[in-house]
Amino acid sequence: MSFAHVWTVLRKDFAIGPRSPFFLYTIILPVALTLILQVTFGSLFAPHPRMGIVDEGSSAITAAIRATEGIDVTMLGDAEELKRLVEGNDLDAGLILPVGFDKALRGGEQPLLQFFVGGQSHAANRIVLSVTALDAVRGVEGGPTPVDVRIVTFGDKGLPMSIRLVPVIVFYALVMAGVFLPGSSLVEEKETGTLAAMLVTPLRMREILLAKWTFGVVLATVMSVATLLLNGALGSRPIEVFLVVLMAAGLSAMIGLLVGVVSKDSTMLFGLIKGAGIVLFAPVLFYLFPAWPQWIAKLFPLYWVIEPIWRVSIMGESITTVWFEMGVALAITVALVPVTLTLARRMQTHAANR
C-alpha cells in the first residue's frame, strides 16, 4: 500500500468536496440544529421559576424573594418592560412594588399588589412564585406566615433538556460527516466512472477505501468537536474528548464506507441510509428519556460511541471510565474492515466483468 496514493485521493476529495451540496449541508446542519434546539428548548425547559421585580421603593419584599432558594430573580427598572417579558414567556411572573408599599402595609392599609403571571408558564412555577410573593408580603405586614415555602428536589438533579439534546446534534454531525459523506463520495465515483478510471492506474482499491475512510474521519471529528464547542459541552477534558470523538468518527466512517461499497447508485445509498436511520438514531432517544431501560440502547452500534462522548464531555468523567465502551466500538470498527474489503473486491470484479 502506498500512502502517497492515499494522500492523492484524499487531497482530491478535500478539493472537490466543498463544491458538493452534501458537503455544505454537513457543515451547516449541526450549526442550524444548535441554534434551533438550544434556543427553543433552552428557554422552554427553564429549570427554575423566573420572577421579575420592579422595585420603586427598596421594599423588604424584594430582599425576601431574592433570599428564597430555587427562584431566578431579575430586577427591572420599567413596568412596561416587565409586562413585555412576562407576556413573551421570558419570565414566569412579575411583581411591581411602588414607593411606600411597605409603609402602607405596616400601617394597616391594603395597597394594590401588582402581580403578573405568564400564560405560558408552568403551573408549578405559578404556584411557587405566587405563594412566595404572598409569604413575603405577610412578612412585611407583621402577620403570621400562612405557609412555609421550600423548594425540594427529590432524587438526582436532572439535566436541562438543552443539555440532553447535545447527543442528538452530535449524532447528526457523526452521521452526516462520518457516514453519509464517505458513502456518497464513493457512490459518486462509481456513477461518474472515475472509480474505474482510478483502478486502471497504480491506485488500488484498498488505497481508495482508506482515503475515503480518512476523509470521513477528519470531517466527522471536526464537526463533532465544533458541535460540542458550540453547545458549551466540550467539558474540562478537551484532549480526552477529542480522543473519544476520534474513535466515534472512525466507527461512523467505517459504516459509511460499508454503505458506499454496497450501494450501486445514489438511489440505493439514500434507501439504505433511510432504512438504517432508526437503527443508527435509536440510542440517542435514551438520553432524551433517561427513565427508559438503558440496556436496550446497548443493542445499537452507535451507542458505544455516543455513550463515551456523553460521559466524558457532558458528565466530566475521565476517559478511563469508558474504556469498555471504547473497546467495543473499536472491535466493531475492526470487524467491519474485512467485510468491507470483501464486498469491495466483489464490487471491483463485477465492474470489471461489465
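Hydrogens, waters and symmetry mates are skipped; everything else that's a heavy atom, side chains included, is used. Bear in mind that the values here come from a model prediction, so they are computed numbers and not experimental data.
Counting only heavy atoms from C-beta outward, the side chains of Met254 and Val339 never approach each other to under 4.5 Å. Between Val170 and Val284 the shortest side-chain heavy-atom distance does not fall below 4.5 Å. Between Phe101 and Leu113 the shortest side-chain heavy-atom distance falls below 4.5 Å. Side-chain contact between Met247 and Thr333: absent, with no pair of heavy atoms (C-beta onward) separated by less than 4.5 Å. Between Arg206 and Arg345 the shortest side-chain heavy-atom distance falls below 4.5 Å. For the pair Pro182/Ile255, no side-chain contact is recorded, criterion being any heavy-atom separation below 4.5 Å from C-beta on. For the pair Ile65/Ile53, a side-chain contact is recorded, criterion being any heavy-atom separation below 4.5 Å from C-beta on. Using a 4.5 Å heavy-atom cutoff, the side chains of Ile27 and Met223 are in contact.
A distance-only check finds no donor-acceptor pair linking the side chain of Arg66 to the backbone of Ala64 [under 3.5 Å]. A side-chain donor-acceptor contact under 3.5 Å links Glu191 to the backbone of Ser266. Remark: the backbone N or O of Asn89 is paired with a side-chain donor or acceptor of Arg50 at under 3.5 angstrom. Side chain of Trp310 to backbone of Met315: no donor-acceptor contact under 3.5 angstrom is found. A donor-acceptor contact shorter than 3.5 Å links the side chain of Glu207 to the backbone of Ser2. Judged by distance alone, the side chain of Thr201 and the main-chain N or O of Met198 form a donor-acceptor pair under 3.5 Å. Without hydrogens or angle criteria, Ser224 side chain to Thr221 main chain gives no donor-acceptor distance under 3.5 Å. Here the side chain of Lys190 pairs a donor or acceptor atom with the backbone of Val261 at under 3.5 angstrom. Put simply, the side chain of Glu240 gets close to the backbone of Ile319: a donor and an acceptor are under 3.5 Å apart. A donor-acceptor pair is defined here as one N or O able to donate and one able to accept, closer than 3.5 Å; no such pair exists between the side chain of Ser185 and the backbone of Leu181.
Gly250 and Val217 get closest at one heavy-atom pair: CA-CG2, 3.8 Å. Heavy atoms only, all atoms of each residue included: Asp102 and Ala60 are closest at OD2-N, 2.7 Å. Smallest separation of non-hydrogen atoms from Leu186 and Leu257: CD2-O, 4.2 Å. Residues Glu325 and Pro308 share a closest heavy-atom pair of CB-CG, 3.6 Å. Residues Thr132 and Val128 share a closest heavy-atom pair of OG1-O, 2.6 Å. When every heavy atom of Ile61 is checked against every heavy atom of Ala136, the shortest pair comes out as CG2-CB, 3.7 Å.
Expressed to the nearest 0.5 Å, how far CG of Leu246 lies from CG of Leu251 amounts to 12.0 Å. Within the model, atoms CG of Leu228 and CD1 of Ile314 stand 6.5 Å from one another, a figure rounded to the nearest 0.5 Å. Separation of atoms CE (Met326) and CH2 (Trp323) is listed at 12.0 Å; rounding is to 0.5 Å. The line from CE of Met205 to CG of Leu203 is 10.5 Å long, rounded to the nearest 0.5 Å. Summarising the geometry, atom CG belonging to Leu105 is positioned 7.5 Å from atom OG belonging to Ser59; distances are rounded to the nearest 0.5 Å. In this structure, CG on Asp78 lies 9.5 Å from CD on Glu56, to the nearest 0.5 angstrom.
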Leu85 vs Leu76, test: side chain to side chain contact (heavy atoms under 4.5 Å, CB included). Steps then yes/no. CA-CA 10 Å; Leu85 293 176; Leu76 301 167; 3.8 Å; yes

Passes side chain to side chain contact (heavy atoms under 4.5 Å, CB included), Ile306 versus Leu174? Steps please. CA-CA 10 Å; Ile306 295 294; Leu174 285 172; 4.1 Å; yes

Derivation and outcome, side chain to side chain contact (heavy atoms under 4.5 Å, CB included), residues Asp92 and Met51: CA-CA 6 Å; Asp92 296 311; Met51 167 82 84; over 6 Å; no

Salt bridge (Lys or Arg N to Asp or Glu O under 4.0 Å) for Glu87 and Lys83? Distances and angles first, verdict last. CA-CA 6 Å; Glu87 184 178 0; Lys83 295 176 183 178; over 6 Å; no

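The local environment of CZ in Phe242 is sparse, with at most 12 non-hydrogen atoms from other residues, nucleotides or ligands closer than 6.0 Å. The number of heavy-atom neighbours closer than 6.0 Å to CD of Glu188, taken from other residues, nucleotides and ligands shown, is 12 or below. The environment of CZ in Phe14 is crowded: more than 12 heavy-atom neighbours from other residues, nucleotides or ligands sit within 6.0 Å. Shown here is Ile239, whose CD1 atom has no more than 12 heavy atoms of other residues, nucleotides or ligands within 6.0 Å. Other residues, nucleotides and ligands contribute over 12 non-hydrogen atoms within 6.0 Å of the CD atom of Glu81. Under a cut-off of 6.0 angstrom, the local environment of NZ in Lys12 is crowded, with over 12 non-hydrogen atoms contributed by other residues, nucleotides or ligands.
The hydrophobic cluster around Leu330 extends to Val334, counting ILVMFWY residues whose side-chain heavy atoms fall within less than 4.5 Å of a member.
Taking the six-membered ring where the residue is Trp, the centroids of Phe180 and Phe270 are separated by under 6.0 Å.
For Trp292, the ring pair (Phe, Tyr, Trp, His ring centres under 6.0 Å) criterion is met by Phe286, Phe289, not counting sequence neighbours.
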